[in-house]
Amino acid sequence: MKSLLLRTAFALGTLFALNAAAYADPVMGGTLRFARNTDSEILDPVLNNANADIWILTNLYSTLILPGPDGQSLVPGLATKWSASPDGKTYTLTLRQGAKFADGSPVTTDDVIWSLNRARNPNNGIWNFLLVSIANVAAPDDHTIVITLKNPDPSIPAALATFNSAIMPHKLFEAAKGTTDTEKANNFALHPIGSGPFVLSSWQRGSKMVLKRNPYYFGTDSAGRHLPYLDEVDLTIVPDDATRILQLQAGQIDATEFIPYERVKELQSDPNITMDLFPSTQVTYLQLNAMPTLKDGTPNPLSNVKVRQALNYAISKKAIIQVVTHGLGTPMHSYLSSATPDYYGGDGPAYPFDMAKAKQLLKEAGYDKGFTLTALAQAGKANDTTTLTMIQQMWAALGVKLKIQQMDETTLDNHRNSSDFQILSAYWTNDIADPNELTDYAAYYPNIKSQYSGWKNDEVDKLFEQSQTELDPAKRTAEYKKIQQIYVANAPEFFLYETPFAAATRKTVIGFKQSPLGNDIFDEAYIQK
Amino acid sequence: MLARLPGRLLQMIPTFILIGVVVFVLIRLLPGNPAAALLGIHATPEALARINAQLGFNRPIWVQFLLFVGRLLHGDLGISVSERIPVTEVIARRLPVTLALVVMAAAFALILALPLAFVAALRQNRASDVALRGVFQVGLSTPVFYIGLLMLGFLGAQLHWFPVGGIGSGFWSGLYHLILPALTLGVGLAAILMRSLRSTVIGVLRAEYVEFARAKGIAPWRVLTGHVLRNSLITTLALFGLNIGTLLGNTVIVENVFAVPGIGGLLVEAIFGRDYPVVQGVTLVLAVMVSIVFLLTDIAESWLDPRLNS
Amino acid sequence: MMHDNGGPLLSIRALRTTLATEGGRVTVVDGVDLDVQPGEILGLVGESGSGKSMTLRSILRLIRPPGQVTGQVLWRGRDLVPLREAEMRAIRGREIGMIFQEPMTALNPVLSVGAQILENLAAHTDLGRAARRARAVELLNLVGIPAPAQRVHDFPHQFSGGMRQRAMIAIALASNPTLLLADEPTTALDVTIQDQILKLLQHLRETLGMAVILVTHDLGVVAQSCDRVAVLYAGRVAEYGAVGPVFATPRHAYTLGLLRSVPDARHARQPLRPIAGAPPPPDTVGATCAFMPRCGFATAACAAGRPPLVPAAEGRLSACIHGDRLEATEWAA
């Protein structure tokens, strides 16, 4: 009787202690050592091109609106509240009082106006299209921003939460060496001052970047503690995947990203390591050319929609997911990733494997005698080759011969941008938490001919244009549902899979996150003692 | 030899010019351009045109070349397309690392190959010779990155004798970080050196002057060092110079696996990224390095072998 | 200065040397007996493959294992054969010197001639550096190289053929050896230089009291410069004695054949009379006379056993059982 009481008390006590540990206070201070596979190029919100820049910029700079923890919702950033006019052409935002840049100078409306104007200038960088609907930015008083649009644009709040809309210190930028915007940007980017959780402390290119806590950061956690918890983040460059994992296992680093899928299981069973699979907007698929003839004039079987559908049916996504992503991927239901707002996947996976249907469709199209296709893959990407080789075997059953050519990334881009391809390996990760970026890229003909495929669907084009000014969220959702349904039905690409971001940390690291857009979020990360 | 030095140095100049022209043209023959590489999937025709114009790569090729040469004469290698800082800065930061790596690798290769080649030659066809040759054959056939990963995994991650890649901070820490990558690089070179050196030493051992030296009754170690070693070294040096190209090529792989921020990785990134100024700058710098190595080996050879002086 | 100090300087008995080759063990010196008197020049003559060079190398124990040297080599009464390597090193270069046939390959091309002399001196003498340098110049002068103080810094390729040979001699003589083993020192030189070198050897014998074993295949060289001669055939001594009597009245059929095959300047337009056949390959001769298959005087008795090397006349030895029945051939002394 007594022992039962004791045992129960002990068990309860342990449970309590464990719970307490789970909700224990975060450790303030410390240095997180993070290994990346490539270095940043330029830390300027407007002039950058590389993911390796974007994913760091969100730590150095703040935007008016911040992405929510799920990567889709929006929460206050440098603006504490915002509202749209009934006609959707005017947005009014309240600037956070007392917000400061990392040098202690206040964030003013002048900084906001200047930053947004710079970001939407069509001569600056490649992201200005996100803000193309803005007509004017003004500040009626020192804590209000009024943005007037040329037309209603439902994606503007999301655009204001994107890295290129970061608020930069106008005066400090102007004081940088150089005469043109590019020169000043290059110089300012060497010692950037923003209002994000961290500030750049030192940067040895190709080797190590050190971020230190920004004491003026406005962010707080749910208990009201000032963020970030960490004093410092050391970002080292380690290109080789195997080396990064070795460093993590040896405790030389605390966290790293881009763990190859084949190592995930191994790290999951490592007692010293936490393996994270963050939901992402990453989709992997094959672009195709839907024009009647290829660039060299040869007739293109893929211009026939039934052929495209047949070939889609003949791909076993399950097999590819198993072999290439070691079961970590999921089949695409749409060209959009499931982590995108207004994603529609209700019709199930796109073209589940059905060899009989494939053969049937090919027969109907008159292509059952077989034909040859050429696919371009990126040299050095083992997954590309594996995927294409598997598809090669699958399509062989249809009498389709798939030739695979490998080339370096830039050459591949060249082929794609000139529509000089038949099939090529493609990846996409959203840069903005809105479906319009990828739709504009892949489905809307007037932009770049639907990712250079030449596939044109007037209804999709019309629906997209409508959605770009559609203020009613329900209507917009319906428009996007239709777009996705038409797209999937017409198969202007070969659907493959979505995968999470595979990142790994030492067990002592708590709170590191990678957003669905790929941003590395260190605000609420800390290291347990 | 020293008298011919100015002549030798002058001779190198046309070589550099030729290399400059060839690289200039070659990199532009690759499909794509700097803007395309920067923009990747976000490239639109408008953006490509705009950014290429901003960077100056839309001008006719001969104009670009003249500008390149003009800047070169002022010691200006242009601005890196991806890093947006002067190429000279980029190279200045990365070159010392690769230099240290290559020098250490060469030293390791010599330390490994010389004594082992001697032992193998002296015990020709006995068990130790066969075993050594076998070991080096394995070293020669194993890909460099595999050796590197093995070293990292075992000596670094498991035994913790060495850091797992990276360059550390500070001079001595940096050198310590370079030990494993230098060993990896050196093993491949050692294997090549050892084979030839062994044959050379076997030949030298049979030479009459070695027998004459023995007939003089001088100590065996003196025969080895004064006669055998000195004559064998000449061939080693020649081999060295010939293999410097392979060594530099393997540096790229080793720098990648060990996360060493050197010039090898820079060149490869720059080629993939169509960073024309960096490719041009690094190739020229490498050409100068290799030429200096050839010159130094020539000088060393003629110092060792007086027959080359007349 | 030939003087007998009551016993030979070098006394070789039953010297047998085998080498290891891919085909197995090969006997290259097959029971050689020789004596060298102090200050005498002994010619060691024979065809290629007769074992003459190997005999020299066997004396100095330069044969590497698995080659083997057996027998007795008494140097001043001390047997060299069982000596340890370290003990042999004290003899080599110091008491017994050796020079080789081709100085271009026998001299280290990357060391100066002076350095190669100094090596010898450093190994065997206690001279200080300055003394060693002075001695090197002195040696070059001794062997007749002009401007020795400058030439001591020169490299072998900077000397002409004859001068190189002199330099090699200087190196071998550095520590005053009592016996010089000369392995065909004149074969690679032209006749006039050859003559100079031979005269140099004789001069050195007179001034230094040094004995020489002169290996050659050239009977003229032997006649010109040697006191005594040993004729080798198939690794064995065929005949041994003073040069004059041996060449005047050979006591071995092989010696006779050799002498007959040399052109005689006094009798012009005489057909040459080479010895028919070729020397036997090593280890193919058993307990018989090795020369038998080519000999015009051979009888069945020659195959009865290996003919012993026995006295044939005063101070002469011969291994031919028919030695006293050979036709005499005049040899102009």
Side-chain angles (χ1 to χ4, degrees), chain B residues 1 114 118-130 197 200-239 297-310, chain C residues 20 22 53 56-57 59-64 66 85-113 115-125 153-158 167-168 171-175 177 180-183:
Chain B
M1 184 62 217
L114 262 180
F118 262 83
V119 168
L122 286 172
R123 301 205 185 316
Q124 189 186 358
N125 291 328
R126 300 230 283 266
S128 41
D129 175 28
V130 176
L197 197 53
T200 307
V201 172
I202 288 176
V204 167
L205 284 174
R206 281 204 248 267
E208 253 202 353
Y209 58 81
V210 171
E211 200 177 18
F212 184 51
R214 289 183 69 221
K216 288 195 293 196
I218 60 181
W221 70 266
R222 165 78 209 182
V223 175
L224 272 181
T225 54
H227 294 266
V228 182
L229 180 67
R230 206 166 160 163
N231 292 60
S232 311
L233 267 183
I234 297 170
T235 320
T236 316
L237 274 180
L239 265 182
T297 48
D298 273 359
I299 292 178
E301 266 179 58
S302 67
W303 173 70
L304 279 177
D305 189 348
R307 290 172 292 186
L308 295 175
N309 273 330
S310 15
Chain C
E22 286 98 52
S53 298
L56 291 189
R57 282 169 174 74
I59 295 171
L60 270 189
R61 301 255 317 281
L62 288 176
I63 310 287
R64 285 192 196 275
E85 185 60 19
E87 294 169 310
M88 271 315 298
R89 279 205 294 275
I91 307 265
R92 291 187 200 128
R94 171 75 189 83
E95 300 189 37
I96 306 178
M98 184 162 173
I99 59 176
F100 292 68
Q101 175 178 326
E102 176 48 77
M104 200 57 236
T105 50
L107 294 178
N108 191 335
V110 305
L111 289 179
S112 71
V113 160
Q116 300 188 50
I117 299 177
L118 292 181
E119 264 187 324
N120 190 334
L121 293 173
H124 297 296
T125 67
H153 300 297
D154 283 347
F155 294 89
H157 67 276
Q158 291 170 291
M168 180 152 65
I171 297 172
L173 294 186
S175 304
L180 179 69
L181 305 177
D183 189 359

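Naming: A, B, ... by sequence-line order, numbering from 1 per chain.
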**Prompt:** Per the side-chain hydrogen bond (donor to acceptor under 3.5 Å, both in side chains) rule, which among B:Arg230, B:His227, B:Glu208 passes with C:Asn108?
**Reply:** B:His227
**Prompt:** When rounded to the nearest 0.5 angstrom, what is the spacing between CG in C:Asn120 and CZ in B:Phe212?
**Reply:** 8.0 Å
**B:Lys216 side-chain N/O to C:Ala174 backbone N/O, donor-acceptor pair under 3.5 Å** = no
**Complete:** What one should report as the nearest heavy-atom pair of B:Pro306 and C:Pro109 is CG-O, 3.6 Å
**Item:** Non-hydrogen atoms of C:Ala123 and B:Gly217 that approach each other most closely
**Value:** CB-O, 4.3 Å
**Shortest non-hydrogen contact from B:Gly226 toward C:Leu111** = O-CD1, 4.1 Å
**Request:** Select one option (side chain, backbone, both, neither) describing which atoms of B:Leu304 are under 4.5 Å from chain C's heavy atoms.
**Result:** backbone
**Message:** Is C:Met88 close to chain B through its backbone or its side chain, or both, or neither, when contacts mean heavy atoms under 4.5 Å?
**Reply:** neither
**Item:** Euclidean distance, C:Arg92 CZ relative to B:Ile218 CD1, rounded to 0.5 Å
**Value:** 11.0 Å
**Item:** Trace of the side-chain contact (heavy atoms from CB on, under 4.5 Å) decision for B:Tyr209 with C:Gln116
**Value:** CA-CA 10 Å; B:Tyr209 58 81; C:Gln116 300 188 50; 5.8 Å; no
**Fill in**
Minimal heavy-atom distance between B:Arg214 and C:Leu62, with the atoms involved, is NH1-O, 3.4 Å
**Request:** Output the option from C:Leu107, C:Ile99, C:Ile91 having the highest count of non-hydrogen pairs under 4.5 Å with chain B.
**Result:** C:Leu107
**Message:** Heavy-atom pairs under 4.5 Å with chain B: which of C:Gln101, C:Arg61, C:Met168, C:Glu102 has the most?
**Reply:** C:Met168
**Asked** Which heavy atom in B:Ala215 sits nearest to a heavy atom in C:Met98, and how many Å separate them?
**Response** CB-CB, 4.2 Å
